[in-house]
*Asks:* 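What follows is a single structure, and I will ask about it in a moment.
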There are 2 protein chains.
Amino acid sequence: MTEGATQPATRATLEDVARAAGVSLATVDRVVNRREGVRAKTVARVEAAVAKLGYRADLAAARLARGQTFRFAFVLPTGSNSFMTNLTEQVARTADWLAGHRGFIDIHHVDVFDPDVLAGALENLSPAYQGVAVIALDHPRVRAAIDELVARGVAVVTLVSDAPSSSRVHYVGIDNPAAGRTAATLMGRFLAGREGTVAVIAGSLSLRDHTERQFGFHQILSSEYANLSALPVIEGRDDSNRTRELTAALLARHADLRGIYCCGAGNRGIADALEASGRAREVVWITHELTEHTRRFLVRGTLDAIINQDAGHEARSAARVLLAHCSGEPISPDQERIRIDIFLRDNLP
Amino acid sequence: MTEGATQPATRATLEDVARAAGVSLATVDRVVNRREGVRAKTVARVEAAVAKLGYRADLAAARLARGQTFRFAFVLPTGSNSFMTNLTEQVARTADWLAGHRGFIDIHHVDVFDPDVLAGALENLSPAYQGVAVIALDHPRVRAAIDELVARGVAVVTLVSDAPSSSRVHYVGIDNPAAGRTAATLMGRFLAGREGTVAVIAGSLSLRDHTERQFGFHQILSSEYANLSALPVIEGRDDSNRTRELTAALLARHADLRGIYCCGAGNRGIADALEASGRAREVVWITHELTEHTRRFLVRGTLDAIINQDAGHEARSAARVLLAHCSGEPISPDQERIRIDIFLRDNLP
DNA sequence: CAATTTTTGAGGTACGCAACACAAAATCTG
DNA sequence: CAGATTTTGTGTTGCGTACCTCAAAAATTG
């Protein structure tokens, strides 16, 4: 049977509310926009009418009337790897979407790995921005720069990499320790009791996200998989040539190497070394970020799993959060939570 | 250095375009809304001005001026399991959001497992709806009902369960065969070479999504994991009591049972039986849908992995697709693709 | 060149709300 | 009860676009 919760066919306007409450439009306006000078009794009457008619402000009309426009700056790394390239493109697409909603995004490219350069860029941002999204570094100067922006009334969200001790209003990105733990569980279960060593390759241990991932990874590996022992973390600087050599050396030195967890970039180097060694099939390799390269390695079977964060979601979420913050609307945490995606060969998008 | 792609501080309006092109507002309107009666030469001039100024219609203003409102019907199952309850809630939340964008959602509860009832419900839907989202059944009568709606100019999207041979404009849901393959790969890898049998429990094989999942599961299991042999599929009718008994019987009969893949509901019964048998730790159990129950089983270690589809995403996506379709806007396939989530204990949201 | 058709311009209204000014009414104060 | 104060009503304008009418201008035709 089709028993539906049928709603009124047409939306109630402010005028309808005014009529229903027996007050004027101005009073309703005062109530819904929480302005002063209305008796509590009247407020109650208006709110009752709002509830009764199910009045909801027409966001389109409200934004039009307010006539506000928003300018946001996205501070992203220069050059860089496939993930960052993709993120930049997703931000550009988001900008395109925002343009239809009275919002503008400027993309600023900065060397985000240098705290001074990054902090300087944040300090010199035009005061025209109501919001800033930045791939942060958890460094005192950067933190100070963020805090100053926030103090100036600018909404700041950190993107992909957080600065938790700063006063940013929101972090858009994954829980990195949890991502590391996820990788460790996959590694442990895929190796199912076999004994041997596992290597961890990070970009740089001065990057908070890489550190957190390897922390989570070690945590689970050591507590749950006694059969596996982790080798000291190697820093590959997110560079393929360097990771190629490091991986080749690893494979040569450790005959009992069972797994590689790469919590940064430089995957092409790892793939080359693994495939050259002839041990690609037996060594379980888990890495981060779905790119055209890692996709290929996964399909080919060299790579066993990808832990991913969806750059498109991150870009859109950052824009939504900034927009909501600037226009005083609430955000739904559910929708803005960035998930830790696991990709196997079978569930690739 | 902060070299940014700085955009104009304020958006260009139709008037700006008119001025730049040296024509009147009416002409610009004719061009941007593709009305007739404008010389090709003039069209080109206006379009050049649009491009030069980077004009983008203000969606808020456009929608306001058009004054259209949209009514959508969501046809969901009556009563039912945790997943459907959650989906219903997410649809309600989406309705709340849509209300701010001149859209209304009515939720109709129907026994979607009965093709005649479902088809009847679709046939009797009020003609006031511009769009319908339905958890479909791939059955001739249902297909015909969908086709008729589409023929009447109603946008129809299938939700969670598809009717691919119908003329629905979009399917919002996961790739079920791929989900089954994903489960099989996890099963195969978690069992890592051990020999034995694997059971598959479906709700009903007349449900397309369940069939597709078990198809994908068997496909990978038989081709890649010769060490594991699948038992005949069991139909648990998504009922916990029934699955409890069936699982208990399975465990009693098959000492070499290594894994259980449940591609439907009834998980509480499986958990009970597994835990009662004392073999919860050694048997790899993989199931679908993250609910409060499956979350608990996963954390406890009884359950090894959850294949999930995000009900919130699905609800929002369906609404966005319907809205876009009705207002002639394009959709971005990227954003509307529903992912096959894998949840381990470590990456639970 | 006149008559006809096509193209363009000018101008208006409406959408629902925000924001403001000012007057009128109600309430409170001394 | 007069005066001061608070609360409410009336009215206006503008946001950027859609859509409409009617007239003016330009191009095309016979």
Side-chain angles (χ1 to χ4, degrees), chain A residues 8 10-47 49-50 53-70 98-104 326-329, chain B residues 8-47 49-50 53-70 99-104 326-329:
Chain A
T10 170
R11 42 183 313 118
T13 71
L14 274 184
E15 290 218 26
D16 298 330
V17 175
R19 210 172 313 123
V23 299
S24 75
L25 222 126
T27 302
V28 177
D29 176 59
R30 287 176 186 119
V31 173
V32 300
N33 290 324
R34 310 190 186 295
R35 306 184 214 284
E36 315 235 287
V38 183
R39 252 180 311 174
K41 205 178 84 189
T42 315
V43 171
R45 251 217 334 266
V46 172
E47 279 173 350
V50 165
L53 297 181
Y55 169 79
R56 313 264 333 215
D58 182 326
L59 292 182
R63 237 175 230 167
L64 182 59
R66 246 185 282 262
Q68 314 169 274
T69 58
F70 300 102
L98 241 202
H101 294 274
R102 334 190 103 248
F104 298 99
C326 289
S327 38
E329 290 158 20
Chain B
T10 169
R11 41 183 317 118
T13 71
L14 274 184
E15 289 220 26
D16 298 330
V17 175
R19 213 172 309 122
V23 298
S24 76
L25 220 124
T27 303
V28 177
D29 175 59
R30 287 175 185 120
V31 174
V32 300
N33 289 326
R34 309 190 188 297
R35 304 185 216 285
E36 315 235 287
V38 183
R39 255 180 308 173
K41 207 178 83 187
T42 315
V43 171
R45 248 211 344 260
V46 171
E47 280 174 349
V50 165
L53 298 181
Y55 169 79
R56 314 259 337 212
D58 182 324
L59 293 182
R63 232 172 235 168
L64 181 59
R66 250 186 278 262
Q68 312 167 276
T69 57
F70 301 102
H101 294 273
R102 333 191 102 250
F104 299 98
C326 289
S327 39
E329 291 159 19

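In the text below, chain A, chain B and the rest are named by the order of the sequence lines, each starting its count at 1.
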*Asks:* On DNA chain D, nearest-nucleotide positions of B:D29 versus B:A61: which is more 5'?
*Replies:*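 The residue whose closest nucleotide sits nearer the 5' end is B:A61.
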*Asks:* Rounded to the nearest angstrom, tell me the gap between atom CD in B:E36 and atom P in C:dT5.
*Replies:*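 About 17 Å, once rounded to whole Å.
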*Asks:* Among the nucleotides C:dC15, C:dT8, D:dG9, which one has an atom lying closest to any side-chain atom of A:S24?
*Replies:*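 Of all the options, the side chain of A:S24 is nearest to D:dG9.
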*Asks:* So what does B:R63 hit on the nucleic acid, given a heavy-atom distance under 4.0 Å: a base, only sugar-phosphate, or nothing?
*Replies:*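 The residue B:R63 makes no contact with any strand.
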*Asks:* Is the distance from OP1 or OP2 of C:dT27 to the nearest side-chain N or O of A:R39 less than 4.0 Å?
*Replies:*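 So the side chain of A:R39 is within the cut-off, an N or O lying under 4.0 Å from OP1 or OP2 of C:dT27.
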*Asks:* Of the listed nucleotides (D:dA18, D:dC15, C:dT8), which one gets closest to any side-chain atom of A:A65?
*Replies:*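 It is D:dC15.
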*Asks:* Can you tell me if B:T27 touches the phosphate of C:dG9, counting only side-chain N or O atoms and a distance under 4.0 Å to OP1 or OP2?
*Replies:*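 Checking B:T27 against C:dG9: at least one side-chain N or O falls below 4.0 Å of OP1 or OP2.
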*Asks:* For A:K41 and C:dA26, give me the distance from atom NZ to atom P, rounded to whole Å.
*Replies:*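 Whole-Å distance recorded here is 11 Å.
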*Asks:* Round to the nearest Å and state the distance from B:Q68 atom CD to D:dC19 atom C1'.
*Replies:*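 That distance rounds to 12 Å.
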*Asks:* Which sits closer to the 5' end of DNA chain D, B:R30 or A:V28, going by the nucleotide each is nearest to?
*Replies:*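 Residue closer to the 5' terminus by nearest nucleotide: A:V28.
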*Asks:* To the nearest Å, give me how far apart CG (A:L64) and P (D:dT13) are.
*Replies:*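 Result: 17 Å.
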*Asks:* I need the CZ-C1' distance between B:R19 and C:dG9, as an integer number of Å.
*Replies:*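 Value for this atom pair: 16 Å.
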*Asks:* How many Å lie between CD on B:E15 and C1' on C:dG12, as a whole number?
*Replies:*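 In whole Å, C:dG12 C1' lies 14 Å from B:E15 CD.
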*Asks:* If you only use heavy atoms from C-beta on, which nucleotide in D:dG16, C:dG9, C:dG16 is closest to the side chain of A:D58?
*Replies:*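 Shortest atom-to-atom distance from the side chain points to C:dG16.
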*Asks:* When you check the phosphate oxygens OP1 and OP2 of D:dT17, does a side-chain N or O of B:R66 lie under 4.0 Å from one of them?
*Replies:*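 Checking D:dT17 against B:R66, no side-chain N or O comes under 4.0 Å of OP1 or OP2.
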*Asks:* Rounding to an integer number of Å, can you tell me how far A:R34 CZ sits from C:dA19 P?
*Replies:*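 My rounded result for the distance is 14 Å.
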*Asks:* Could you check whether A:A62 gets within reach of a base, just the sugar-phosphate, or nothing at all, counting any heavy atom under 4.0 Å?
*Replies:*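 Here A:A62 touches the backbone only, sparing every base.
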*Asks:* Main chain of B:A21, side chain of B:R45: is a donor-acceptor contact present, judged purely on distance under 3.5 Å?
*Replies:*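 The answer is yes, because a donor-acceptor pair under 3.5 Å joins these two groups.
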*Asks:* Could you check B:V23 against B:R102 and say which one's nearest nucleotide on DNA chain C is further toward the 5' end?
*Replies:*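 Its nearest nucleotide lies further toward 5', so the answer is B:V23.
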*Asks:* For the side chain of B:S327 and the backbone of B:E329, is there at least one donor-acceptor N/O pair under 3.5 Å apart?
*Replies:*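 A pair under 3.5 Å: no.
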*Asks:* Using modelled atom types only, decide if a donor and an acceptor are shared between the side chain of B:R102 and the backbone of B:Q68 within a distance under 3.5 Å.
*Replies:*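 Here the side-chain-to-backbone pair exists.
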*Asks:* With side chains defined as the heavy atoms from C-beta onward, is the minimum distance between B:V31 and B:T42 less than 4.5 Å?
*Replies:*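 No, every pair of side-chain atoms sits at 4.5 Å or beyond.
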*Asks:* Work out which heavy atom in A:H101 is nearest to a heavy atom in A:R63; give both atom names and the distance.
*Replies:*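 That would be ND1-NH1, 4.0 Å.
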*Asks:* If the cut-off is 4.0 Å, is A:R35 near the phosphate of C:dA19, judged by side-chain N/O to OP1 or OP2?
*Replies:*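 The answer is yes; a side-chain N or O of A:R35 sits under 4.0 Å from OP1 or OP2.
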*Asks:* Just checking A:A60: base, sugar-phosphate only, or nothing, at a heavy-atom cut-off of under 4.0 Å?
*Replies:*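 It contacts nothing in the nucleic acid.
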*Asks:* What nucleotide, of C:dG16, C:dT8, D:dG16, holds the atom closest to the side chain of A:T13?
*Replies:*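 The nucleotide sitting nearest to the side chain is C:dG16.
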*Asks:* Would you call B:E47 and B:V43 a side-chain contact if the rule is heavy atoms closer than 4.5 Å?
*Replies:*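 A side-chain contact exists here, since the closest heavy-atom pair is under 4.5 Å.
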*Asks:* How many Å lie between CG on A:L25 and P on D:dG14, as a whole number?
*Replies:*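 The answer, rounded to whole Å, is 18 Å.
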*Asks:* Which part of the nucleic acid does B:L14 contact within heavy-atom distance under 4.0 Å: base, sugar-phosphate only, or nothing?
*Replies:*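 B:L14: backbone/sugar contact only, no base atoms under 4.0 Å.
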